[in-house]
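Source: prediction; values computed, not measured. Residue numbers start from 1 in every chain, and the chains themselves are labelled A, B, ... in the order their sequence lines are given, proteins ahead of strands.
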2 protein chains.
Amino acid sequence: MAAADELGYRPNAIAQGLITRRSGMIAVIISNLTNLHYPEVLAELTQGLSGRGARVLLFALKSESEIDEILDQVWRYQVDGAIVAARLSDDQLSTFKARGTALVLYNRQSDGVPVASVACEFAAGEALLVDGMIASGCCNFAIIGGPTDSTVGEARVNGALDRLALAGLTSVPIERGDFSYQGGYDAATRLLKDKRIDAIISANDTMALGAMDAARLDFGHQIPETLSIVGFDGVAPAKWRSYDLTTMRQPVGRMTTAAISMLFDQIENPDLGPEKRLFSGSLIRGKTARLAG
Amino acid sequence: MAAADELGYRPNAIAQGLITRRSGMIAVIISNLTNLHYPEVLAELTQGLSGRGARVLLFALKSESEIDEILDQVWRYQVDGAIVAARLSDDQLSTFKARGTALVLYNRQSDGVPVASVACEFAAGEALLVDGMIASGCCNFAIIGGPTDSTVGEARVNGALDRLALAGLTSVPIERGDFSYQGGYDAATRLLKDKRIDAIISANDTMALGAMDAARLDFGHQIPETLSIVGFDGVAPAKWRSYDLTTMRQPVGRMTTAAISMLFDQIENPDLGPEKRLFSGSLIRGKTARLAG
DNA sequence: CTGTTAGCGCATTCAA
DNA sequence: TTGAATGCGCTAACAG
């Protein structure tokens, strides 16, 4: 019988799945793969899932409107579970429960339906950044946010705003970008017309890098002397020496590991109550902000 | 019957696949997802395949040695085809033919077994870069290559060496990196100890960016006045204003589109002769090399 | 054109 | 322990 194996025989996983009702496939749904942060997440997820004997069925959304057709495919393929970094409506969330498909949200929360999720704590992270900048003398803040329909983006903007308000800083100008370098560059170009701005908080690193270039190359700013800039994520280019961005690094490894184990917990024990796990980021003291304290 | 659909019924693609012998899944195998270039490729592939009604089963290799277990999974899952950006042995290539699984190599070639592939022409690209640099007065070239076991890396290094030899430039120093920023940074640090070097050719953009930072921040070079640097790929960060790298951009959209249509051609017509499609890159005249001509 | 049946490749059950 | 039968959800080929 082992001879058959030498002949190239491999059990048909598709047929196996039909009978065991376990396809061995996990849907990974990511809304903007081109964001520098997500390839890292995807790589970790793929490795981690592979280590637990599962395969990744990948879905990348070009726009959030595609999510319905994507979910349609997800149902057809009988995936054992899904890890989702995209906006899901309450209806869509309920469908997962109704169909008994395990689900973990990545860096998103649900206000309505209870659902398992992992996320990086932004409030504490933003607070740390904001407090440090205030303590070092920044007083005219501006924010570069994501699109208003982005959960992550809004959360980070609000986290920063809250902390600024706590320090008595209100009416902070906000410009929005699409999380891209160019988006950050353009947003900063609009913001820096106001010469008093001496601190920019960006909702992610890539936009912060664009903002840095606009500030120093077009506006003649010295960073961090005349302008502080901070980001969020801790992507690889933020560490590059031409930038050396001050930012909060998401613990990608721990988050993906957690997402995977939560997913398998659900699969093995279907009526497990959903759990939310929050990880705190780690401060990367780059050279783009003087952080006192 | 349409009422059943409202009830949430979706045909079981797994069962469909069992009988039609078409799973609707394409394996995408990528060796180093963390390389900045590949997320873009993956995004395009996923979109394109989705547009043709196929789903992506993703495999990311941490090291080339995992390829065998990966292929094992590929066979089990009865994928309709595979797009592979990883090193495959002749044996492995033959197995695809033997099992009748459609296959397109991405940016790799096979010398032995005939197999369909798409690739970006490096020789002409490197020639363009090299000629331009020579014409503008560079005469002490150095090369930053990839690991010796990387097909793409070696091809690009050899492309550059050939062209340099044609101009009578021989004994060009080569240092190798792992395609990462740090790898390029370190390689440049070793190369630039020789003060005569006035031109660096990097096997990819990310290493070129690392080399730029080493050159200007540690060695006090003015780019491109005292040192020219060119890369290959055309990744997003290469266009960032702090770098503005001179490079050859791979036509990712055309290449992925071609890979997908070649794959489907094979699927629909199994005994189609393999075709190699070569695309030429487009020169991006950044600011890191003065290119005469 | 609608209704029935067989079988895709397995895992699981039951009989031997 | 080994061997044969059943069925997972569907499609295709067939009969009515």
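- An OP1 or OP2 oxygen of dG9(D) is reached within less than 4.0 angstrom by no side-chain nitrogen or oxygen of Arg10(B).
- For Asn12(A), whose side chain is taken as the heavy atoms from C-beta onward, the closest listed nucleotide among dC10(C), dT11(D), dC8(C) is dC10(C).
- Atom P of nucleotide dC10(D) and atom CZ of Arg76(A) are separated by 10 Å, given to the nearest angstrom.
- The distance between atom CG of Leu18(B) and atom C1' of dA11(C), rounded to the nearest whole Å, is 13 Å.
- With rounding to whole Å, Gln78(A) atom CD is found 11 Å from dC10(D) atom C1'.
- Distances shorter than 4.0 Å separate none of the side-chain N or O atoms of Tyr77(B) from OP1 or OP2 on dG9(C).
- Contact check on Asp233(B) versus Arg156(B) returns a salt bridge, with a Lys/Arg side-chain nitrogen under 4.0 Å from an Asp/Glu carboxylate oxygen.
- Looking only at side-chain heavy atoms (C-beta outward), Phe264(A) and Arg52(A) come within less than 4.5 Å of each other.
- Judged by a 6.0 Å distance limit and a 45° cone about the ring axis, Arg55(B) is not positioned over the six-membered ring of Phe59(A).
- The listed nucleotides are dC10(D), dA12(D), dG7(D); the one nearest the side chain of Ile19(A) is dG7(D).
- With dC8(C), dC10(C), dC10(D) as the candidates, the nucleotide lying closest to the side chain of Gln16(B) is dC10(D).
- If you look at Tyr9(A) and Trp75(B), their ring centroids are not closer than 6.0 Å.
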